[in-house]
Amino acid sequence: MSFDPFTPEAIADPYPLYAQFRREDPVHWSEKLHSWVLFRHDDVSAFFRDDERLSSDRAKAPRFAGAAAPSGGAAIRTVATDPPAHTAVRALLNASLTPRVRALGARIDALIAELLARIAEPEVDLIARFAYPLPIGVIAELLGVPPDDRPQLEERSRVVARGMDRFYSGPEASEGLRDLGAYFFQLVQERRGTPGDDLVRRLLAAEHRGDRLSELEVVAMCTALVFGGHETTVNLLGNGMLALLRAPAELRRLRDDPALVPSAVEELLRFDSPAQFISRTARVGFELRGRRIAPGDSVIAAIGSANRDPAVFADPDRLDLGRSPNPHLAFGLGTHVCPGAPLSRMEARAAFPALLRRFPTIRLAAPPVWRRTVVLRGLERLPVRVD
């Protein structure tokens, strides 16, 4: 038995496969992925919190040889850097990001209203017309990206997503990240020392205990935010809407009870998580459930499997918008919890009620089409009728 998430059956519905491995081989060596894969909630929770034995730094992983700092330059700290360097970077990011996210509420509502107002046809692809443009519009507002540049950011984000199924080492992903980096390098040069309150300028000016970000670190931060903040939210909106359309009683429940929105978004994150896998590299050798993990081995957390673990979630394959407690792991835990999680939640909490108000009879028009990606699980098309 070898775990292969790339089969057509697993692309369409990976959850029966996850259930099999949770039962039979929860710490599994996958020849397909050349990695250990963890399937149970307790193991994935421990994975996220284990900064001592597991490294998030790609430069330390044999599979990413050559990802270290440019020759002659200092190491570039990112949100994927290990502590203690990560601690300062995260503090600088949070100090810059949190106030800007809080200020975006009204603009998010306006962007949602604009997108919904443009939908006049009885049948539309909800991904192309709503789920894709909304998050890139929000990220662009956050960073102060000019409207004319937004389509190229969206396309570059798509390129990175398509390359993710090499588990962060595919040539497409690298090319897309380079293009995003080049764009933000130019933007950083233009904005350094100029007045304004966008996130680029905030990151350039941020200071924490005498520490500041270099220009290249600001570029890396902006690049990560565009990709991470865009793709995960696209998938949350698309996967979440499909889950609601397939559970009409829960859809009606959400439409009729606005107070349910916060817990509904958490359940949609759990039920079909936007990011299904995340990888680390073993710093040291250790044993887990009788399996020996060697230094340098790749270890992957199957987030989607952990979020359907019956040891933690009652009736885990049922959508329950009032589920409480709901200790899902869609945004991770611990040191490296997703920095864009508050923004993604804010968008989803505004978007789902707005969609249901604007289109009270929304329903599937044709079978959805899944993207052939597994690290990020999302829809290529979601055809709906809104008449």
Side-chain angles (χ1 to χ4, degrees), residues 12-16 105 108-109 111-135 138 232-276 304 307-308 313-328 330-331 341 344-371 377-387:
D13 182 5
Y15 297 103
I108 290 172
D109 291 338
L111 286 168
I112 290 170
E114 290 169 18
L115 289 169
L116 294 179
R118 293 177 194 161
I119 297 176
E121 315 93 304
E123 183 172 325
V124 296
D125 173 12
L126 204 62
I127 303 300
R129 297 293 296 277
F130 186 76
Y132 242 101
L134 174 62
V138 172
T232 54
T233 307
V234 171
N235 294 349
L236 169 56
L237 297 176
N239 300 2
M241 199 64 216
L242 177 61
L244 290 171
L245 292 169
R246 286 174 166 173
E250 290 299 287
L251 186 152
R252 289 192 297 272
R253 187 181 175 196
L254 178 59
R255 187 183 58 212
D256 296 343
D257 184 4
L260 196 61
V261 169
S263 69
V265 169
E266 299 309 306
E267 175 68 348
L268 295 171
L269 282 163
R270 180 200 72 84
F271 187 76
D272 206 357
S273 301
Q276 293 280 307
N307 285 344
R308 297 280 190 107
F313 303 99
D315 200 2
D317 295 323
R318 180 174 68 88
L319 186 70
D320 176 6
L321 299 185
R323 186 181 295 273
S324 181
N326 191 348
H328 70 77
F331 288 127
S344 189
R345 284 185 167 106
M346 182 183 292
E347 293 177 62
R349 289 172 182 175
F352 287 116
L355 270 167
L356 298 182
R357 285 193 304 270
R358 178 72 175 81
F359 303 121
T361 63
I362 188 170
R363 59 203 184 276
L364 281 172
V369 178
W370 290 98
R371 291 191 335 208
R377 175 168 169 78
L379 292 161
E380 187 73 34
R381 293 192 297 278
L382 180 57
V384 297
R385 291 199 66 87
V386 296
D387 55 346

Extract all donor-acceptor atom pairs below 3.5 Å that involve side chains of residues 349-357 and protein atoms in other chains or at least two apart in sequence.
none

Salt-bridge present (Asp387, Arg363; N to O < 4.0 Å):
yes

Tell me whether Asn239 contacts the main-chain N or O of Asp272 through its side chain, where contact means a donor paired with an acceptor under 3.5 Å.
yes

Give, for atom CZ of Arg308 and atom CG of Asp315, the distance between the pair rounded to the nearest 0.5 Å.
10.0 Å

Donor-acceptor contact below 3.5 Å, side chain Ser263 vs main chain Leu260
yes

Evaluate side-chain contact (heavy atoms from CB on, under 4.5 Å) for Leu382 paired with Phe130, printing each intermediate quantity in order.
CA-CA 10 Å; Leu382 180 57; Phe130 186 76; over 6 Å; no

Taking every non-hydrogen atom, the tightest pair across Trp370 and Ala12:
NE1-O, 3.6 Å

Separation between OH (Tyr132) and CG (Asn235), nearest 0.5 Å, reads 7.0 Å

Closer than 3.5 angstrom, by distance alone: can the side chain of Arg345 be matched with the main-chain N or O of Val265 as a donor-acceptor pair?
no

Measure the spacing between CE of Met241 and CG of Leu379 and express it to the nearest 0.5 Å.
12.0 Å

Using only atom types and a distance under 3.5 Å, with no angle test, would you say the side chain of Glu250 pairs donor to acceptor with the backbone of Leu321?
yes

If you define the side chain from C-beta out and look only at heavy atoms, does anything of Leu237 sit under 4.5 Å from Pro135?
yes

Decide yes or no for Leu319 and Arg246: does some side-chain heavy atom of the first lie under 4.5 Å from some side-chain heavy atom of the second?
no

Nearest-0.5 Å distance that lies between atom CZ in Arg377 and atom CD in Gln276
6.0 Å

Taking only residues two or more places apart in sequence or in another chain, which ones pass salt bridge (charged side-chain N to carboxylate O under 4.0 Å, His left out) with Asp256?
none

For Pro368 and Pro383, the nearest pair of non-hydrogen atoms, with its separation, is CA-CD, 4.1 Å

Do Glu380 and Ile127 touch side chain to side chain, with heavy atoms closer than 4.5 Å?
no

Expected output: side-chain Arg385 to main-chain Leu364 donor-acceptor under 3.5 Å
no

For residues Arg323 and Pro316, report the shortest heavy-atom separation together with the two atoms involved.
NH2-CA, 4.4 Å

Would a 4.5 Å heavy-atom cut-off, applied to side chains only, mark His328 and Phe271 as touching?
no

With a 3.5 Å cut-off and sequence neighbours excluded, list the donor-acceptor pairs that the side chains of residues 112-122 form with protein atoms.
from, atom 1, to, atom 2, distance (Å)
Glu114, OE2, Arg107, NH1, 3.4
Glu121, OE1, Arg129, NH1, 3.4
Glu121, OE2, Arg129, NH1, 2.6

Are Leu244 and Leu268 packed together at the side-chain level, in the sense that at least one heavy-atom pair is separated by less than 4.5 angstrom?
yes

To check you understand the geometry: which heavy-atom pair defines the closest contact between Ser273 and Gly304, and what is its length?
OG-CA, 4.4 Å

Using the six-membered ring of Phe313, assess whether NZ or CZ of Arg270 lies under 6.0 Å from its centre and within 45 degrees of the ring axis.
yes

